[in-house]
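Reminder, nothing fancy here: chain letters follow the sequence lines and each chain counts from 1.
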There are 2 protein chains.
Amino acid sequence: MADQTICPKFESALNIINKRWTGLIIFQLLEGAQRFSTIEATIGISGRVLSERLKDLEKQGIVKRHVYDETPVRIEYDLTEKGMALKPVLESIQEWADGWMEIEKQSFV
Amino acid sequence: MADQTICPKFESALNIINKRWTGLIIFQLLEGAQRFSTIEATIGISGRVLSERLKDLEKQGIVKRHVYDETPVRIEYDLTEKGMALKPVLESIQEWADGWMEIEKQSFV
DNA sequence: TATACTTAGTTACATAAAGTAAGTTAATTT
DNA sequence: AAATTAACTTACTTTATGTAACTAAGTATA
């Protein structure tokens with residue numbers, strides 16, 4: 001009636017990584033610290049969900065929020081060590097994508 | 001106003017892999033071919049969504065559905081070559097989980 | 001000085017995705 | 001004949017995401 005065999009750490013990891021947008025957010029931050037609006041524009045996520053995700057990721061210790069008290073204030077997000085440790089995951093996805101994904105031509109409606 | 005820098009193959013790959021349950025389904029099938037009800041019970045997904053996911057994954061060429069015409073009929077799902085190629089992805093997630101995930105004690109409500 | 005713009009969000013509401021539970025079909029066991 | 005199992009599907013509910021407008025504080029523009 002319930003799961004048995006699956007490693008709970010693995011399952012929790014999937015619960016984080018497998019959430020919509022999380023992969024792309026982390027991928028972006030592997031490039032270096034970025035501002036809210038930059039992430040928003042680059043990956044095409046809505047502000048509402050980006051805000052939600054960044055808070056989750058911060059709570060998970062994957063992302064860190066930095067407030068630079070300049071005028072105007074600058075806020076940047078970057079990866080913690082735990083977050084950086086996800087690099088091989090993203091790389092393996094990239095490799096799989098290179099080897100196996102077809103680019104579908106988008107038909108513009 | 002829109003994304004620029006992200007590799008479209010990578011993005012499509014993430015759109016598949018990052019869907020809820022997909023990771024766990026593939027992880028299960030890495031163990032070998034399995035029946036619908038086994039996957040359902042093992043990972044705790046609802047039948048409705050499992051049915052949906054398996055169809056998607058089949059369409060993507062990641063999973064293959066096999067009908068064994070015994071009585072009663074037996075249906076099994078397994079990974080294609082493309083699906084098997086996701087093994088390193090799941091392994092890298094497992095490694096990250098081992099290194100960085102804390103097990104939260106579940107408080108039963 | 002007033003108006004408009006930018007950043008980093010939040011809020012309210014609409015739509016899409018996932019969960020729940022019951023139903024279906026065909027065959028099998030009791 | 002009634003109950004059970006497998007592999008789904010259907011109808012309905014709850015949750016997640018998208019959209020758009022709003023806020024606050026500062027900056028630039030007319």
Quiz item: Taking atom P of C:dA18 as reference, at what distance in whole Å does atom CG of A:Asn15 sit?
Solution: 13 Å
Give every pair of a protein N or O atom and an N or O atom of nucleotides 8-13 of chain D that lie under 3.5 Å apart, one pair per line with the distance.
residue	atom	partner	partner atom	Å
D:dC8	OP1	B:Arg65	NH2	2.4
D:dC8	OP2	B:Tyr77	OH	2.5
D:dT9	OP1	B:Lys55	NZ	3.0
D:dT9	OP2	B:Ser51	OG	2.6
D:dT9	OP2	B:Lys55	NZ	3.2

Quiz prompt | Below 4.0 Å: OP1/OP2 of D:dT15 and any side-chain N or O of B:Arg20 | solution = no
Report each atom pair, protein N/O against N/O of nucleotides 23-30 of chain C, whose distance is under 3.5 angstrom.
none

Self-check item: A:Ile39 CD1 - C:dT7 P separation (whole Å)
Solution: 13 Å
Quiz prompt | Touch class at under 4.0 angstrom, heavy-atom based, for A:Ser46 against every strand present | solution = base
Practice problem: Grab the CZ-C1' distance between B:Arg53 and C:dA18 for me, whole Å please. | Solution: 8 Å
Quiz item: Roughly how many Å is it from NZ in A:Lys19 to P in C:dA18, rounded to a whole number?
Solution: 12 Å
Quiz item: Are side-chain heavy atoms of B:Leu29 and B:Asp78 found at a separation under 4.5 Å?
Solution: no
Quiz prompt | A:Lys82 atom NZ: more than 12 heavy-atom contacts under 6.0 Å | solution = yes
Practice problem: Apply the test side chain to side chain donor-acceptor pair (under 3.5 Å) to residues B:Asn15 and B:Glu11: give CA-CA distance (whole Å), side-chain angles for both, the deciding distance (0.1 Å), then the verdict. | Solution: CA-CA 6 Å; B:Asn15 281 341; B:Glu11 212 172 337; 5.5 Å; no
Exercise. Scan B:Val63, B:Leu57, B:Asp56, B:Leu86 and name whichever one has a side-chain contact (heavy atoms from CB on, under 4.5 Å) with B:Thr22.
Key: B:Leu57
Quiz item: Are A:Tyr68 and A:Tyr77 connected in a single hydrophobic cluster, I mean Ile/Leu/Val/Met/Phe/Trp/Tyr linked by side-chain heavy atoms less than 4.5 Å apart?
Solution: no
Quiz item: Is there side-chain contact between B:Met101 and B:Trp96, with at least one heavy-atom pair below 4.5 Å?
Solution: yes
Quiz item: For A:Leu50 and C:dT10, what is the distance between atoms CG and C1' respectively, to the nearest whole Å?
Solution: 13 Å
Quiz item: Given C:dG19, is OP1 or OP2 found less than 4.0 Å from the side-chain N or O atoms of B:Trp21?
Solution: yes
Quiz item: Expressed in angstrom and rounded to an integer, what is the separation of A:Asp69 atom CG from D:dA25 atom C1'?
Solution: 12 Å
Self-check item: Atom CD of B:Glu81 with >12 non-hydrogen neighbours under 6.0 angstrom
Solution: no
Quiz item: So do A:Ile93 and B:Phe10 actually touch side chain to side chain, heavy atoms under 4.5 Å?
Solution: yes
Self-check item: Check: A:Leu90 and A:Leu30 side chains under 4.5 Å, non-hydrogen atoms
Solution: yes
Exercise. Grab the NE2-C1' distance between A:His66 and C:dT7 for me, whole Å please.
Key: 18 Å
Practice problem: Would you mind telling me which of D:dT17, C:dA18, D:dA6 lies closest to the side-chain atoms of B:Arg35? | Solution: D:dA6
Practice problem: Write down the distance between CD1 (A:Ile45) and P (C:dA8), rounded to a whole number of angstrom. | Solution: 15 Å
